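Here is the structure we will look at.
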Amino acid sequence: MEPKISEKAWDPKLENAILKKWEEEKLYDFELLDNNYTIDTPPPYPSGRPWHIGAASHYAQIDMIARTARMSGKNVYFPIGIDRNGLPVELYTEKKHGIRMRETERGEFLDLCKSALDDLEAEMIQIMKSLGLSGDFKNYYRTDSEDYRKFTQETFIDLWKKGVIYLATRPNNYDWVSGTTIADAEIVYEEIPTKLVYMKFITKETKKEIIIASTRPELLCACKTVIVNPNDERYSDLIGKELIVPLTNNEVKIIPHHSAKIEFGSGAVMVCSYGDQNDVALFRELQLDEVIAIGLDGRMTEVAGEYQGLKPKQARTKIIEDLENANLVEKIEDISHRTPLSERSRIPIEIVPMEEYYLKQKDSLEKMKKLGEEIDFYPNMHKQILMNWLDSISIDWPISRRRFYGTEIPIWYCNKCSEPFVPEPGKYYRPWKDKCPVEKCQKCGNTEFTGEERTFDTWMDSSVSPLFVTKFNRDEEFFKKTYPTAIRPQAKDIVRTWLYYTLLRCEKLTGKKPWSEAWIMGYGLDEKGMKMSKSKGNAIDPLPVIEKSGADTFRFWSASEINQGYDFRCSEQKIESTRKFLSKLWNVSRFLSSFPVIKSGKLSESDKWILSELDKLISVCKEGYSKYNFFIPSTAIREFTWNIFAAQYIEIAKARAYGIGFTDEERDGAIFTLHKVLSTILKLLAPITPFITEHLWQTLYSQDSIHKENLPDIENVTDMSKMTQLLAEFNSKVWNEKKQKELSLKDSIKMDVPEILSQFKKDLIAMHNLESN
RNA sequence: GGGCUCGUAGUCUAGCUCGGUUAUGACGUCGCCCUUACACGGCGAAGAUCCGGUGUUCAAAUCACCGCGGGCCCA
């Protein structure tokens, strides 16, 4: 029989046609049923080119989750969205057009951001599609659409009415370059060289010199107290005494406090508003009156006297000079200081008192822990990231940002009495340009309003993704049948933010957890294990890699190379070399395609042996799939297909399949088994490499898509796996013998089949052309 | 400084729960071979102080303790 497959290798270019076919057949369209399996897909953020190859790998694996569920009989709802709110696109736009956000008209700036996002988004969608994501692309959503923003605002209005949102003036992490408050989660720490200045303070009564070391001498004007460790004997007689602050000549008290480290600097520490988070804690604890030394423009305020208007760094240089001139410096050390930076703009943050909106979270921590306990994490170890975070939350969540490209906070303020007006839900509000929806202030009757200019923290949008996709408050039946969703797949680095905030928001709005399972993936690193970044030049663009090697190659690489939850290294060479396995699978199929597909046959012992190995493979794969760990099935299938099925069984059964020296019944046993094994392998592999399995399946076995099949079940045949090693060893022995004697493989050779393999005797004799001694 | 976590050939990884095999497989490297499914193949080779130390034991990659190193988080 002519083989149905003639090409010698799998051509990744076939993927396009398969994609088109899936689309035409609407294979992955979602229709609401009762057994829905909803994936809370992460909407990726288009922050620049190229998209991260680790992210592409991440989405490939999320698709494997979807396909696994589908092949387990679930009705999979796999939404696709794009997250488009937030700071990165603003910075991207500023850079791209050489403009400053605050010096550009707001509407115009938003338009520029939007078109930048459109470009970046198009490429991401293309990558997601070409990866073969079986998602609901037709209904893909954007978090900056009117619909989504309206939804975010509605959830805010709801929470406002529930009284869990409040305004408060508090020291905030402030990024003066971006001009916005940032959350603790957006701070990164970096070792930065700085000067530790040992300054001379004088005791008021005895005029004794006290040395105090600080990296922030420019905050002398905001110094409110000096702390020493209660166990520090050097200072025990000075506790409670007054000190004169150098240059400002203010008087401050020496107070004992455990947070002063005896060995750091001189052991005495000045407490200012605000040098660092410890200062904030001390001001709160000791109820000190704060002094605003640094303003919202990132410059020293009038309390800094002659240093007013300088940036902190400039003021520092100047003050050190002045201190030295006044002989108020003992010494200066160059040290490396762990400095908190804004994750986005990479500048040191300042702690500045500001009025911002807060969402209560401290009172929900216990509830969050309980919900966290109820959610299954894959791998389980990453649940700890959430639990540790819950233990360290000390303030409520500041949700307002002084930025442009985000969901507007829907509030207007009365120009006369400042009463806030929060509108009814149901519309998308833009207070910075829309007229206030009411005519008169409910409190004082005034008719003039000012719209809120701030936007929400971007996590306010993305944290309602499971509610948005399940149509919360918009389609009751849909919501009831899809929420709580089945699974949240996401990356490890945003557990503290996206995962936690989603838990918080969804619980506050619905009283229920958003998902039953959370699947956490590590980061993609470069081939040396370094973080990829555009500036380092080690970023790999996923698009050409996928175009060259094909989506299945990329997907199989992702599955077989990445250990669940761990960071992984990406190398183009390694991805490309994965293709060899697909080629092997192709050629196995090509060989089998010359035999008819038959329903049954008389099974020989070797057939029973390979079917028992196949049974083992099925259970290993299903176990791996049930844990969403694709490393397990991919490596098990590769091992089985290459080293057992192709290398041993096909060789053993080949002669019988050709029917030379065997009865038709015996021949049919071989042909039946060959197809049985291959078709099972294809089904087992379909969630990982959907294209090649689809192509081979439709060429060999069915008109219909393999993706409508279920994963195979084990048949509980007698375990014969102890024969595997013995067969391989015997075959290898014969091949080596022939090689040594310079015989061709089809030449006959005098060798006996060992007693232990006697049940396979007939196949082995035919296979090796053995003559008995 | 604290917490979590990891540490097996150049790379990924199995084995570790429950101690005993020449430490598994793959990629890559090197050598030989175009044998009719496949040179994107076959056969073979080299490559590992199983992070280090101490202890328990007849026996430790595996158990215990102490270190060291990486990553993440928190201070």
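Treat the numbers as computed from the prediction; the structure is a model and nothing was measured.
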Worksheet item: Where the side chain of Tyr658(A) is concerned, which of C4(B), G28(B), A37(B) is the nearest nucleotide?
Response: A37(B)
Item to complete: Scan residues 7-16 of chain A for pairs that pass salt bridge (Lys or Arg N to Asp or Glu O under 4.0 Å), counting only residues two or more places apart or in two chains.
Response: none
Fill in: Listed once per pair and sorted, the salt bridge (Lys or Arg N to Asp or Glu O under 4.0 Å) pairs that draw on residues 580-592 of chain A, sequence neighbours left out
none
Fill in: Gap in Å between the two P atoms, one belonging to G25(B) and one to C66(B), rounded
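About 36 Å, rounded to a whole number of Å.
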Worksheet item: How many angstroms lie between OG in Ser606(A) and CD in Glu651(A), if you round to the nearest 0.5 Å?
Response: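 Rounded to the nearest 0.5 Å, the OG-CD separation comes to 13.0 Å.
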Item to complete: Not counting sequence neighbours, which residues clear salt bridge (charged side-chain N to carboxylate O under 4.0 Å, His left out) with Glu333(A)? List them please.
Response: Lys331(A)
Discussion item. If the condition is salt bridge (charged side-chain N to carboxylate O under 4.0 Å, His left out), which residues does Asp396(A) pass it with, not counting sequence neighbours?
Written reply: none
Item to complete: Examine the base of C38(B) for any acceptor or donor lying under 3.5 Å from a partner atom in the side chain of Lys584(A), and report the outcome as yes or no.
Response: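 Yes, a donor-acceptor pair under 3.5 Å.
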Worksheet item: Taking atom types as they are modelled, is there a donor-acceptor pair under 3.5 Å from the base of A37(B) to the side chain of Glu651(A)?
Response: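 Flag set: donor-acceptor pair detected.
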Which part of the nucleic acid, if any, lies within contact of [X], taking any heavy atom under 4.0 Å across all strands shown: a base, the sugar-phosphate backbone alone, or nothing?
{"X": "Tyr566(A)", "result": "sugar-phosphate"}
{"X": "Asn643(A)", "result": "sugar-phosphate"}
{"X": "Lys574(A)", "result": "base"}
{"X": "Ala647(A)", "result": "nothing"}
{"X": "Phe581(A)", "result": "nothing"}
{"X": "Thr635(A)", "result": "nothing"}
{"X": "Lys738(A)", "result": "nothing"}

Practice prompt. Would you jot down, in residue-number order, the residues of residues 610-627 of chain A having a non-hydrogen atom under 4.0 Å from RNA chain B?
Written response: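 Correct list: empty, so none.
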When the side chains of residues 615-622 of chain A are checked against the rest of the protein, which donor-acceptor pairs come out under 3.5 Å, sequence neighbours left out?
unit_1, atom_1, unit_2, atom_2, d
Asp615(A), OD1, Glu715(A), N, 2.8
Asp615(A), OD2, Glu715(A), N, 3.3
Asp615(A), OD2, Asn716(A), N, 2.8
Asp615(A), OD2, Val717(A), N, 3.1
Ser619(A), OG, Lys616(A), O, 3.0
Lys622(A), NZ, Pro712(A), O, 3.0
Lys622(A), NZ, Asp713(A), OD1, 2.6

